[in-house]
Protein chains: 2
Amino acid sequence: MGVTKTDYFTGNQNQIAMMAKALGHPARIAIIEHLLKVNACICGDIVSELPLAQPTVSQHLKELKNAGLIKGSIEGNTICYCIDERAFKILKNYFTKIITKLAKQNCC
Amino acid sequence: MGVTKTDYFTGNQNQIAMMAKALGHPARIAIIEHLLKVNACICGDIVSELPLAQPTVSQHLKELKNAGLIKGSIEGNTICYCIDERAFKILKNYFTKIITKLAKQNCC
DNA sequence: ATTATTTATCGTAATATTGCTATATTAAAA
DNA sequence: TTTTAATATAGCAATATTACGATAAATAAT
């Protein structure tokens, strides 16, 4: 059907899945890495960094924003994008916890 | 088009995106968490844990396996699934690195 | 040998995603 | 005010995903 049964899972599971899904495209990973590289909020030059048309990039930015991974603030004519640290902290903690739990396991 | 231009991005970007994509569904997060909870390889009871039909679960398991997130070994009649630690270490390191970089930034 | 159990695969319907062109919107610049 | 620049949105085609019922495949149990 193509429709996900989100109501069958916990809020936490849905949140992690939503953020992971948003990162589940190389263009969006590239956007995040570019935002990290320039080490600041950047206004506009994301399109010229990617081998994709402007509307496509705009769409990817929208998805990252919807998932809470980036923030965008209007700055006159342009929009200033930067990473939303909170989301990445949640992800980092999630995977750190998994590794910690795995260390205590003794199978496989 | 629905087709991702993976050749435009680096191998690392594609790898992270591929793993994130596989985790981008609450059912697959639930599978991972169940594998963690039972603290061992488990043979078969994943289907009864999820509110989804057996072929659907089988499909999700396949995707997790293709992304390298879980391993499955045949054990007679059943199949024994467990988490592949390597993938999760890559993810943990990736997000840890992002948080480290963010700590050095002073914007937003 | 037959039956039951476990998992995978096929086929299919509904929906979502990706990417583009064309166009709208909005603010800055001339 | 007209033009330029930066983003967003609409609409569309191609493809992917999600989910299921039906069925296959393979081993275990009887």
Side-chain angles (χ1 to χ4, degrees), chain A residues 1-9 13-14 17-31 34-35 38 41-67 69-82, chain B residues 1-9 13-14 17-32 34-35 41-67 69-82:
Chain A
M1 297 171 190
V3 67
T4 299
K5 299 182 163 182
T6 52
D7 48 317
Y8 289 176
F9 304 98
Q13 287 169 339
N14 281 312
M18 192 187 162
M19 294 192 292
K21 189 177 186 180
L23 292 173
H25 192 291
R28 295 194 286 266
I29 293 290
I31 290 172
H34 182 62
L35 287 174
V38 296
C41 300
I42 65 169
C43 301
D45 67 341
I46 301 175
V47 171
S48 53
E49 278 294 314
L50 294 180
L52 296 168
Q54 177 267 322
T56 308
V57 175
S58 182
Q59 206 171 268
H60 283 307
L61 287 167
K62 193 179 175 184
E63 275 172 72
L64 287 169
K65 215 163 86 176
N66 284 343
L69 296 167
I70 62 173
K71 294 177 284 187
S73 54
I74 299 166
E75 197 117 326
N77 205 13
T78 63
I79 293 194
C80 195
Y81 284 109
C82 67
Chain B
M1 295 169 187
V3 67
T4 299
K5 299 182 161 180
T6 52
D7 48 318
Y8 288 176
F9 304 98
Q13 286 169 340
N14 280 313
M18 192 187 163
M19 294 191 292
K21 189 177 183 179
L23 292 174
H25 192 291
R28 295 195 285 268
I29 292 290
I31 290 172
I32 294 296
H34 182 63
L35 287 174
C41 300
I42 64 169
C43 300
D45 67 344
I46 301 175
V47 172
S48 52
E49 280 293 315
L50 294 182
L52 294 169
Q54 179 268 322
T56 308
V57 174
S58 183
Q59 205 170 268
H60 283 306
L61 287 167
K62 194 179 175 185
E63 275 171 73
L64 286 169
K65 215 163 87 178
N66 284 344
L69 296 167
I70 63 173
K71 294 178 284 188
S73 54
I74 298 166
E75 197 116 325
N77 204 13
T78 62
I79 292 194
C80 194
Y81 283 110
C82 67

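Naming: A, B, ... by sequence-line order, numbering from 1 per chain. Side chains are part of it too, since the values below use all heavy atoms of this structure and drop only hydrogens, waters and symmetry mates.
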**Message:** For nucleotides 23-28 of chain C, give me one character per nucleotide, 5' to 3': B if any protein heavy atom sits under 4.0 Å from the base, S if the only such contacts are to the sugar-phosphate, - if neither.
**Reply:** ---BBS

Can you find a side chain N or O atom of [X] that sits less than 4.0 Å from OP1 or OP2 on [N]?
| X | N | answer |
| --- | --- | --- |
| B/S58 | C/dA8 | yes |
| B/T56 | D/dC20 | yes |
| B/H60 | D/dT17 | no |

Could you state the [atom1]-[atom2] distance from [X] to [N], rounded to the nearest angstrom?
| X | N | atom1 | atom2 | value |
| --- | --- | --- | --- | --- |
| A/L61 | D/dA8 | CG | C1' | 11 Å |
| B/N66 | C/dA8 | CG | C1' | 13 Å |
| A/K62 | C/dC20 | NZ | P | 17 Å |
| A/I79 | D/dA5 | CD1 | P | 18 Å |

So [Y] and [X], do their side chains get closer than 4.5 Å, heavy atoms only?
| X | Y | value |
| --- | --- | --- |
| A/Y8 | B/L50 | no |
| B/I29 | A/N14 | no |
| B/D45 | B/H34 | yes |

**Prompt:** Which word best sums up how the rings of A/H60 and A/H25 line up, parallel for under 30°, tilted for 30 to 60°, or perpendicular for over 60°?
**Reply:** tilted

N/O-N/O pairs, protein side and nucleotides 14-17 of chain C side, under 3.5 Å:
from	atom 1	to	atom 2	distance (Å)
C/dA14	N3	A/M1	O	2.2
C/dA14	N3	A/G2	N	3.2
C/dT15	O4'	A/M1	O	2.6
C/dT17	OP1	A/K21	NZ	2.9

**Message:** With side chain to side chain contact (heavy atoms under 4.5 Å, CB included) as the test, pick out the partner of A/Y81 among A/K71, A/E75, A/K65.
**Reply:** A/K65

Atom of [X], atom of [Y] and distance for their closest heavy-atom approach:
| X | Y | result |
| --- | --- | --- |
| A/M18 | A/N66 | CE-O, 3.3 Å |
| A/E63 | A/R28 | OE1-NH1, 3.2 Å |
| A/A27 | A/L52 | CB-CD1, 3.7 Å |

**Prompt:** Who passes side-chain contact (heavy atoms from CB on, under 4.5 Å) against B/S58, sequence neighbours left out?
**Reply:** B/Q54

**Asked** Mapping A/Y8 and A/C80 to their closest nucleotides on DNA chain D, which lands nearer the 5' end?
**Response** A/C80

**Asked** Of A/L52 and B/D45, whose nearest nucleotide on DNA chain C comes first from the 5' end?
**Response** B/D45

**Request:** For B/T78, report the nucleic acid contact type (base, sugar-phosphate, nothing); a contact means any heavy atom under 4.0 Å.
**Result:** sugar-phosphate

